[in-house]
Amino acid sequence: MHTRFPFGPIPKRLHENLLNLTTNTKGPGVHEAERQEITNTFSGEVIGSVLLGAEEDVTRAFDLARAAQRRWAETPFSQRQEIFRDFHDRVYKNRELMMDIVQMETGKNRLSALDEVLDVLSNARYYANKMPDLMSEKKRPGALPGFTRTVQQQVPKGVVGQITPWNYPLALGVSDAIAALLAGNGVVAKPDSSTPFSMLIAVLFLYESGLPRDLFQVVTGSGRIVGSAIADHCDYLMFTGSTATGKILGRQVGERLVGYSAELGGKNPLIVTNDANLDVVERELPSACFSNSGQLCVSIERIYVEEGVYDEVVRRFQRAVSKMKIGAGDAWDIDMGSLINETQFNTVNKFVDEARAAGAKVLCGGKPRPDLGPYFYEPTVLVDVPEGTPVLTEEVFGPVVFIQKVSSTEEAIQKANDTSYGLNASVFAESGTGRKVASRLLAGGVGINDGYAATWASVAVPLGGMKQSGMARRHGPEGLLKYTETRNVAEQRLLSMRGPKNAPRKLYANLMANALQMGKKLRFLP
Ligand code: ADP
């Protein structure tokens, strides 16, 4: 187990070890040009620094990863499983240290940091268990039963590129990579420039668990240079971030016909119907909206409440939010931490100020908290927001939510779906109503009597975005199979697909057509 160093600079030895894991500091021709300081978001104190990579660093990373991947693809499934099961236990044992690093880099509260650790544990366990079943050769019905032996094989793509954001730097930094690696791929990853150590600490544990050196390359640096070079070299791209960047990368990999998975922005709605249990609403809504200070792609930013319970929901939500404890540090009773940086802080201020100027009522919050740290902002609930105000339709990615009254469930569904996004949605209702509403919400994940946590943590089920919120899915079988190519191997025996050698063509044609017809009727064909 590694020793903790709560909320101070990363100790010299560990810092050096982590930096040595980046491709930027490996081999000849190392790009030493620039360094970026990494700060503790709560205090502004410098905790370490990383190199800002260049395109050569990415090229070298792919060369090293490709060589390692060729050997890795031959590694037996059981050996791969063992590494990731050991990794699981290492993360479990070192969770406090990992949460310290995550909290420092992001400014989030302890519980949101724990969510990241739990996510890594769940993905390591699930994909280590599931991989052999997903990757093993499957016998499939052949074209001519008895004469065609057909199997389906899954082949790793090669080296997967991964570009991740700062909001969940540990979970997004390794959970998707776990599936890619178990499937037999190498990975070249770029963490967000401000949060590299949350990913690097996990990579350190992967190597300690026996992952072959060079298989997982981390290149630190800017999105424009390092991220873009990754998109130019990878055999598949996994991206989590904004819709704007997702489109740029989609164009880039599209040009090379390389597969792409992206989880992008959202403006996630939550519906409360007249038959909802309001105790559950009061308990769940604060975390649905304000986990990680709302800097969460699946976080709720719009609440539509049926008129029968509107006043009571507003009263109870206000009560729950005003009791929330905001602050810095690792105490478990803190409900919400800081925003990550000045840019986010300014964005949140702007959305709230615009809404206020347009005539919206601030039910709670609505102001910065410089007494707690430079980027703290109160959890904010708006009501009576006039039509046309940006906060109604644009993603804030901060602790700001509005509540609107609707006259029916139908109106709530229509408003919830009236967006270019489709990432997450939620409905609080009696179970029957909840399921009916859920089946009509156009989102990749829908929580019933839960904001987002249940869909996110159910790692056996694919999750992702519809519309402008993304493509492909993470989690579930799809979350691993997307990193593979499918190979169809059909072996023809005894009878040619063109029929017996000297059979008249017309006779064979009729025979085949009749056989297919009979196969359909008697259902002996797939
Ligand atoms: P966010 O708003 O969460 O910062 P971004 O999409 O800007 O979302 O960033 C997510 C990740 O994408 C970061 O690692 C960032 O460095 C990277 N990135 C940003 N712009 C580009 C780009 N043009 N090409 C490749 N990666 C990029």
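Note that the coordinates shown come from a computational prediction; the quantities given were computed from them, not determined experimentally. Just follow the structure's listing: the first ligand is 1, and inside any ligand the first atom is 1.
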Is Phe397 close enough to touch ligand 1? Criterion: a residue heavy atom under 4.0 Å from a ligand atom. no

- Test: Glu478 and Arg473 ion pair at under 4.0 Å: no

Discussion item. What I want to find out is whether Arg60 reaches Glu55 closely enough, with some N-O distance under 4.0 Å, to be called a salt bridge.
Written reply: no

If you draw a 6.0 Å radius around CD in Glu16, do more than 12 non-hydrogen atoms from other residues or ligands fall strictly inside? no

For Ser228, the ligand 1 atoms with a heavy-atom partner under 4.0 Å come out as 24 (N), 25 (C)

* Asked: Given Glu378 and Arg369, is the salt bridge (charged side-chain N to carboxylate O under 4.0 Å, His left out) satisfied, shown in steps?
  -> CA-CA 7 Å; Glu378 289 183 338; Arg369 288 293 299 271; 3.3 Å; yes

Check your understanding: Can Arg110 and Asp100 be counted as an ion pair, charged N to O under 4.0 angstrom?
Key -> yes

Check: If we only count N/O pairs under 3.5 Å, is Trp166 in contact with ligand 1?
Finding: yes

Atom 16 (O) of ligand 1: closest protein heavy atom, distance to 0.1 Å, is Lys190 NZ, 2.9 Å

(Q) With respect to Ser222, determine whether any N or O atom, backbone or side chain, lies less than 3.5 Å from an N or O atom of ligand 1. (A) no

Nearest non-hydrogen protein atom to atom 7 (O) of ligand 1, with distance, is Thr245 OG1, 3.6 Å

Inset, instruction - Please determine if Asp353 and Arg356 form a salt bridge, counting it only when a charged side-chain N lies under 4.0 Å from a carboxylate O. - result: yes

message = Tell me whether Arg224 has any N or O atom under 3.5 angstrom from an N or O of ligand 1.
response = no

task = Answer yes or no: is there an ion pair linking Arg66 with Asp235, defined by an N-O contact shorter than 4.0 Å?
result = yes

Here the atoms of ligand 1 under 4.0 Å from any heavy atom belonging to Leu249 are 24 (N), 25 (C)

If you measure from the Lys or Arg side-chain nitrogens to the Asp or Glu carboxylate oxygens, is any gap between Lys325 and Asp333 under 4.0 Å?
yes

If we number the atoms of ligand 1 from 1 as shown, the ones under 4.0 Å from a heavy atom of Pro165 are 3 (O)

Closest to atom 26 (N) of ligand 1 among protein heavy atoms sits Gly223 O, 3.3 Å

Atom 2 (O) of ligand 1 has as its nearest protein heavy atom Ser242 CB, 4.2 Å

heavy-atom search around atom 14 (O) of ligand 1 in the protein gives Thr164 O, 2.7 Å

**OP:** Return the orientation label for the Phe317 and Phe290 ring planes: parallel under 30°, perpendicular over 60°, tilted otherwise.
**Re:** parallel

Q. Looking at atom 9 (O) of ligand 1, is any protein heavy atom nearer than 4.0 Å to it?
A. no

**Report entry** Close approach, Ser193 and ligand 1, non-hydrogen under 4.0 angstrom
**Finding:** no

A student checking ligand 1 against Gly227 at a 4.0 Å heavy-atom cut-off should list atoms 25 (C), 26 (N)

inquiry  = If the threshold is 4.0 Å, N to carboxylate O, is there a salt bridge linking Glu263 and Arg474?
reply    = yes

of all protein heavy atoms, closest to atom 17 (C) of ligand 1 is Ile163 CG2, 3.7 Å

